[in-house]
Amino acid sequence: MAYSGTVSQTVFDTRKVIDNAFRRCKIPAAMISAEYIEIANDQLYLLLSALANDGVPLWCIEKTLMPLYEGVGDVTLPVGTVDVLNSNLRTLQEVTGTDTTIAASVTTEFDTETAVATVGVRWSAASVPLALERSDDGSTWTTIQTETPSAISGEWTWFDLDSTVAALYFRIRATTGTLSASQTYLGNNPTEIPLARLNRDDYTNLPNKVFQSNRPLQYWFDRRVSQPVMHLWPIPNAAATEYQLVLWRHRHIMDVGTMAQSLEVPQRWLDAIVASLSAKLALEIPEVAPDMIPLLSQIAAAAVNGAQTEERDNSPIRWAPNISMYTS
């Protein structure tokens with residue numbers, strides 16, 4: 001018996017998702033107009049957006065490093081953030097050497113081989129794409145990773161490195177334009193402590209909301225329309241500006257792109273997405289027979305339930321009940 005020899009190589013793009021959904025509605029291809037394609041795209045966007053209300057898709061949990069600024073207690077999170085699942089305050093041990101700065105790069109030569117785990121750049125102008133590199137001789141460079149930060153003058157951007165192999169030289173290089181940095185920071189040996197989450201009542205009852213400290217301890221997560229805001233307490237002081245918030249955040253699924261692009265959903269979810277889209281289209285497209293609506297809704301519910309049931313990481317769960325208030 002012959003097999004394909006490939007796994008998960010079939011491209012199931014947005015066009016195939018929409019075509020399959022229309023076929024389940026018994027709509028022939030000749031009837032699928034440009035207007036119906038636009039309706040399908042709109043319904044697909046609503047469907048993917050609504051998944052954020054049904055749980056946390058594992059592929060939409062994203063690690064994000066947020067900078068801290070003196071006297072600024074409100075941290076605006078990236079567009080598309082649904083919730084913060086874990087939040088830690090990180091401190092680093094700074095590693096230093098002899099810096100050589102030219103227009104496009106900053107090179108640090110260490111006395112001994114040194115590992116760098118995190119890189120920070122404080123910009124003096126608009127940010128530019130970067131390459132983070134290491135070398136053993138200052139001549140032959142290995143690119144660890146590339147980054148495309150989005151920042152303006154005065155803002156920090158922080159990057160965790162994909163690998164932390166010790167080397168004698170480290171370089172931050174602008175791949176285009178000029179590296180306009182007022183400060184760079186190389187760190188290792190990170191230490192993280194969890195931040196406590198407050199509800200709105202506890203935050204509003206704080207007697208001094210502008211109290212400053214080098215260690216913010218708590219926050220209230222303010223769920224606004226476009227971008228949520230973390231209200232930190234205490235507010236960071238000058239000593240906290242080289243610390244970072246390490247957030248594991250739940251974000252929305254990526255927007256529906258072109259018909260030739262793929263949806264940002266794993267293979268195990270494709271049937272549930274097609275089934276759910278067909279149920280939505282049955283309510284929108286007048287040519288769909290009314291008796292198809294409950295059938296398609298039932299199939300969609302079963303497919304989504306199967307996908308949601310498997311949306312787990314299979315890791316062990318540790319329960320730690322706190323009964324101290326009942327014991328002496």
Where [X] and [Y] come nearest, the two heavy atoms and their spacing:
| X | Y | answer |
| --- | --- | --- |
| Ser8 | Gln267 | OG-OE1, 2.7 Å |
| Trp158 | Glu242 | CH2-O, 3.9 Å |
| Pro236 | Leu68 | CG-CD2, 4.1 Å |
| Ala307 | Ala272 | CB-CB, 4.1 Å |
| Tyr69 | Gly154 | CE2-O, 3.7 Å |
| Asn41 | Met259 | ND2-SD, 4.0 Å |

Would the distance check show the side chain of [X] and the main-chain N or O of [Y] forming a donor-acceptor pair, the cut-off being under 3.5 Å?
| X | Y | result |
| --- | --- | --- |
| Lys16 | Val11 | yes |
| Glu155 | Ser153 | no |
| Thr191 | Thr91 | no |
| Ser276 | Ile273 | no |
| Lys26 | Val288 | no |
| Arg173 | Ala104 | no |
| Trp233 | Tyr203 | no |
| Gln227 | Leu77 | yes |
| Thr178 | Ser180 | no |
| Ser33 | Tyr36 | yes |

Would you call Asp271 and Arg24 a salt bridge, taking side-chain N to carboxylate O under 4.0 Å as the test?
->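 Yes, this pair counts.
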
Is Glu311 paired with Arg268 through a side-chain N to carboxylate O contact shorter than 4.0 Å?
->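 Salt bridge present between Arg268 and Glu311.
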
Between [Y] and [X], do the side chains contain a donor N or O and an acceptor N or O under 3.5 Å apart?
| X | Y | value |
| --- | --- | --- |
| Trp123 | Thr157 | yes |
| Asp137 | Ser139 | no |
| Trp156 | Gln244 | no |
| Asp13 | Ser262 | no |
| Ser163 | Arg134 | yes |

Please round to the nearest 0.5 Å and tell me the distance separating atom CZ of Arg312 and atom CD1 of Ile317.
->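 Rounded to the nearest 0.5 Å, the CZ-CD1 separation comes to 10.5 Å.
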
With a 4.5 Å limit on heavy-atom distance, are the side chains of [X] and [Y] in contact?
| X | Y | answer |
| --- | --- | --- |
| Leu195 | Leu245 | yes |
| Asp202 | Gln218 | no |
| Arg90 | Asn88 | no |
| Leu65 | Phe159 | no |
| Leu44 | Lys280 | no |
| Pro129 | Thr146 | no |
| Val121 | Pro149 | no |
| Asp160 | Lys63 | yes |

Intermediate values then yes/no, side-chain contact (heavy atoms from CB on, under 4.5 Å), Val119 and Thr184 = CA-CA 7 Å; Val119 176; Thr184 59; over 6 Å; no

Given Ile172 and Leu186, is the side-chain contact (heavy atoms from CB on, under 4.5 Å) satisfied, shown in steps?
-> CA-CA 10 Å; Ile172 305 170; Leu186 307 180; 4.2 Å; yes

Using the six-membered ring wherever Trp is involved, compare the ring planes of Trp220 and His231 and label them parallel, tilted or perpendicular (cut-offs 30° and 60°).
->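 It falls in the parallel class, under 30°.
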
Hey, what's the ring geometry for Trp141 with Tyr169, parallel, tilted or perpendicular (30° and 60° as the breaks)?
->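 Ring orientation of Trp141 relative to Tyr169: perpendicular.
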
In terms of heavy-atom contacts, does CH2 of Trp248 have more than 12 from other residues, nucleotides or ligands at under 6.0 Å?
->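 No, CH2 of Trp248 has 12 or fewer neighbouring heavy atoms, counting only those of other groups under 6.0 Å.
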
